[in-house]
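First comes the structure, then the notes that go with it.
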Amino acid sequence: MHSAAVSLEPMPTMWPNLRVRNTPFTERVEAVGARGYTVYNHMLLPIAFRSIIDDYWHLKQHVQVWDVSCQRQIEIVGPDAARLAQMLTPRDLSKAVPGRCLYAPMVDAAGGLLNDPVILKLADDRFWLSIADLDVGLWVAGLAHGMGLNVRVFEADVSPLAVQGPKANELVARVLGESTHDIGFFRFASVEFMGHEFRAARTGWSKQGGFEIYVDRPDLAEPLWDALFEAGADLDVGPGCPNLIERIEGGLLSYGNDITVANNPLECRLDQFCHLDADIDFIGRDALRRIRDDGPRRRTMGLFLDTDTVGPVRHRWPVVVGDETIGAVTSAAWSPAFGQGVALAMMEWGWWTPGAEVTVETPDGRLAATITDLPFADPTT
Ligand code: THG
């Protein structure tokens with residue numbers, strides 16, 4: 001009935017070449033029938049396997065293996081690594097110990113968001129920035145050069161493989177050992193697979209729980225993929241990828257969609273990751289303090305859309321009341337759990353009130369919409 005909710009063929013086929021990089025898992029991903037791709041950090045990222053809706057239910061009930069190699073690792077290593085890492089983010093890294101993962105907004109001198117990586121502290125002098133879709137390694141290397149720092153900055157050959165869903169704990173323990181049960185949220189530890197030590201973190205771009213395995217041996221990528229599928233047959237393991245519906249419902253922001261350099265972390269509700277009064281040195285502190293003191297002018301909110309089909313967002317959809325534009329939809333999907341559309345929108349000051357009724361101008365016509373807080377409350381649990 002709702003199969004038209006999201007077309008998987010909104011565009012002509014994309015022609016592959018060397019600028020659109022394969023991953024060490026691409027042959028496996030194609031063999032199990034990826035329905036389409038997007039490009040992220042110049043690399044293939046699948047968008048669905050059965051359909052976005054079928055994948056959504058499967059993710060919430062079983063366990064999926066995701067090729068998220070496109071979450072590239074920018075490595076910073078050397079005597080000045082900790083100083084440089086801190087310059088990049090308003091999040092206080094000073095108390096983080098090796099083995100920590102930290103979700104960390106990166107901003108420029110005006111407070112504009114350059115990225116929102118997960119930072120892995122590998123050692124006191126070694127970090128990985130697990131970056132979102134912008135070439136921010138250039139910014140990091142440029143700063144290191146301009147500041148005359150004693151560090152090396154480069155993209156490491158590391159391809160994360162995520163295992164997500166309610167049965168992820170069981171599957172990962174079967175393949176990587178019982179010690180994985182002890183890895184805390186946003187921590188990583190060494191695990192052994194085929195004689196190699198991999199880092200496995202309790203992170204991932206879903207709210208269903210699970211792990212990300214940092215595959216730094218491309219030759220072991222397919223054996224690891226195969227081992228997960230063999231060990232998980234009775235768990236109904238399936239291929240998956242970051243799910244548009246699930247991540248909107250969970251309020252997970254997508255760089256390039258919900259966040260750009262025109263946004264600051266306070267209006268994107270990343271204030272809990274901004275330690276503006278900490279005794280640390282980072283780029284953009286004065287700008288962010290000024291924004292905090294003036295009060296943000298916009299705010300990321302959720303919207304329910306009164307519709308039973310939602311197409312892809314290929315430009316920002318205006319949110320209006322009467323003649324006035326009061327916000328913009330940045331991501332949207334049809335939610336089978338709510339039986340209506342769900343969206344993320346950047347709303348102007350004064351239009352943040354949950355329950356307020358507004359109109360969204362989509363390419364397929366005007367939709368009635370209601371503002372709601374994030375994350376969307378899950379009606380199925
Ligand atoms: N994992 C890894 N790298 C990544 C992502 C990831 N790089 C790209 C992209 N995703 C970066 N963006 C995010 C956004 C949200 C989260 C992680 C990465 C996230 N947020 C949790 C939340 O909002 O509920 C909690 C954050 C916290 O409490 O610290 O997980 O997914 N390796």
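Treat the numbers as computed from the prediction; the structure is a model and nothing was measured.
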Working to the nearest 0.5 Å, report the span between CD of E170 and CG of D234. 8.0 Å
Any donor-acceptor pair under 3.5 Å linking the side-chain atoms of S331 with those of N257? no
Sidechain-backbone polar pair: R299 side chain, E267 backbone, donor-acceptor under 3.5 Å: no
Check the pair E249 / S335 against side-chain hydrogen bond (donor to acceptor under 3.5 Å, both in side chains), numbers first and verdict last. CA-CA 8 Å; E249 289 180 358; S335 164; 2.6 Å; yes
Tell me the closest heavy-atom pair linking F25 and P160, and the distance in Å. CE1-O, 4.3 Å
Count the heavy atoms of every other residue, nucleotide or ligand shown that sit under 6.0 Å from CE of M194, and state whether that count exceeds 12. no
Please assess D308 against W334 for the test side chain to side chain contact (heavy atoms under 4.5 Å, CB included), listing each intermediate value before the final yes or no. CA-CA 7 Å; D308 55 17; W334 189 79; 4.0 Å; yes
In terms of heavy-atom contacts, V313 and V329 come closest through CG1-O, 4.1 Å
Would you compute the distance between atom CG of N243 and atom CG of D54 and round it to the nearest 0.5 angstrom? 10.5 Å
Which atom pairs, donor and acceptor, lie under 3.5 Å between side-chain atoms of residues 279-287 and protein residues at least two apart or in another chain?
residue, atom, partner, partner atom, Å
R285, NH1, L276, O, 3.2
R285, NH1, A278, O, 3.1
R285, NH2, I280, O, 2.1

Does R72 pair with E155 as a salt bridge, N-O distance under 4.0 Å? yes
If you compare all heavy atoms of V175 against all heavy atoms of A227, which two are closest, and at what distance to 0.1 Å? CG2-O, 3.8 Å
What's the verdict on salt bridge (charged side-chain N to carboxylate O under 4.0 Å, His left out) for R28 and D67, showing C-alpha distance, side-chain angles and the deciding distance? CA-CA 9 Å; R28 288 293 187 271; D67 175 7; over 6 Å; no
Tell me the closest heavy-atom pair linking W317 and P363, and the distance in Å. NE1-CD, 3.3 Å
For P318 and T325 the tightest heavy-atom approach is CB-CG2, 4.5 Å
How long is the straight-line distance from CG of L224 back to CZ of F229, given to the nearest 0.5 Å? 10.5 Å
What I want to find out is whether D236 reaches K167 closely enough, with some N-O distance under 4.0 Å, to be called a salt bridge. no
Run D116 and Y103 through side-chain hydrogen bond (donor to acceptor under 3.5 Å, both in side chains) and show every step you take. CA-CA 7 Å; D116 64 332; Y103 180 44; 2.6 Å; yes
For the atom pair CZ (R100) and CG (L102), what is the distance rounded to the nearest 0.5 Å? 4.5 Å
Just how far is it from atom OG1 of T330 to atom CG of L253, taken to the nearest 0.5 Å? 8.0 Å
Give the cluster check for V172 versus L161: same hydrophobic cluster or not, with ILVMFWY residues linked at side-chain heavy-atom distances below 4.5 Å. yes
Does L113 belong to the same Ile/Leu/Val/Met/Phe/Trp/Tyr cluster as M87, with side-chain heavy atoms less than 4.5 Å apart forming each link? yes
So if you build clusters from Ile, Leu, Val, Met, Phe, Trp, Tyr with side-chain heavy-atom gaps below 4.5 Å, do W66 and V118 land together? no
Return all side-chain donor-acceptor pairs below 3.5 angstrom for residues 73-81, not counting sequence neighbours, or 'none' if the list is empty.
residue, atom, partner, partner atom, Å
Q73, NE2, Q71, O, 2.8
Q73, NE2, S130, OG, 2.9
E75, OE1, R126, NH2, 3.4
E75, OE1, W128, NE1, 2.9
E75, OE2, R126, NE, 2.8
E75, OE2, R126, NH2, 3.4
D80, OD2, N150, N, 2.6

Are H42 and D133 close enough that a side-chain donor and a side-chain acceptor fall under 3.5 Å? no
Nearest 0.5 Å, what's the OG1-CZ distance between T359 and R366? 5.0 Å
One pair to check against side chain to side chain contact (heavy atoms under 4.5 Å, CB included): L45 and V39. What are the steps and the verdict? CA-CA 6 Å; L45 173 63; V39 177; over 6 Å; no
Quick one: does any side-chain atom of N263 pair with a main-chain N or O of T260 as donor and acceptor, under 3.5 Å? yes
Membership question, hydrophobic clusters at under 4.5 Å side-chain separation (ILVMFWY): are L244 and Y255 in the same one? yes
As a test of understanding, state which of Q164, E246, K60 forms a side-chain hydrogen bond (donor to acceptor under 3.5 Å, both in side chains) with Q208. E246
Using only atom types and a distance under 3.5 Å, with no angle test, would you say the side chain of D216 pairs donor to acceptor with the backbone of V158? no
Do the side chains of R247 and D258 get close enough for a salt bridge, i.e. N-O under 4.0 angstrom? yes
For side chain to side chain contact (heavy atoms under 4.5 Å, CB included), just list the numbers for S206 and L59, CA-CA rounded to whole Å, side-chain angles, deciding distance to a tenth of an Å, and then say yes or no. CA-CA 9 Å; S206 87; L59 169 62; 4.3 Å; yes
Only distances under 3.5 Å count here; give the side-chain donor-acceptor pairs of residues 177-184 to other protein atoms, sequence neighbours excluded, each with its distance to 0.1 Å.
residue, atom, partner, partner atom, Å
E178, OE1, H181, NE2, 3.4
T180, OG1, G177, O, 2.7

So, for L176 and F193, which heavy atoms are closest and what is the spacing to 0.1 Å? CD2-CB, 3.8 Å
Kindly work out whether a path of hydrophobic side-chain contacts (I/L/V/M/F/W/Y, heavy atoms less than 4.5 Å apart) joins I213 to M43. no
Member of N115, L88, V153 meeting the side-chain contact (heavy atoms from CB on, under 4.5 Å) criterion with L129: L88
Between D124 and K121, does at least one N-O distance fall below 4.0 Å, as a salt bridge requires? yes
Would you mind listing every side-chain hydrogen bond (donor to acceptor under 3.5 Å, both in side chains) that reaches into residues 83-93, with sequence neighbours excluded? D92-S94, D92-K95
Using the rule given for side chain to side chain contact (heavy atoms under 4.5 Å, CB included), can you reason through I326 versus V320, listing the C-alpha separation, both sets of side-chain angles and the distance that settles it, and then say yes or no? CA-CA 5 Å; I326 55 160; V320 303; 5.6 Å; no
Between F188 and F211, does the ring centre distance come in under 6.0 Å? no
Counting only heavy atoms not in E222, do more than 12 fall under 6.0 Å of its CD? yes
Which side-chain N or O atoms in residues 340-358 pair as donor and acceptor under 3.5 Å with protein atoms at least two apart or in another chain?
residue, atom, partner, partner atom, Å
W352, NE1, M347, O, 3.2
W352, NE1, E348, O, 3.2

Distance-only, no hydrogens or angles: does the R187 side chain make a donor-acceptor pair with backbone N or O of T203 under 3.5 Å? no
Do the side chains of R35 and E30 get close enough for a salt bridge, i.e. N-O under 4.0 angstrom? no
Which residues pass the side chain to side chain contact (heavy atoms under 4.5 Å, CB included) test with D108, sequence neighbours left out? A110, L114, W139, V261
Quick one: do R217 and D157 make a salt bridge, cutoff under 4.0 Å? no
Between N169 and R202, do the side chains contain an N or O donor and an N or O acceptor separated by less than 3.5 Å? yes
Are H196 and F198 close enough that their ring centers fall under 6.0 Å? yes
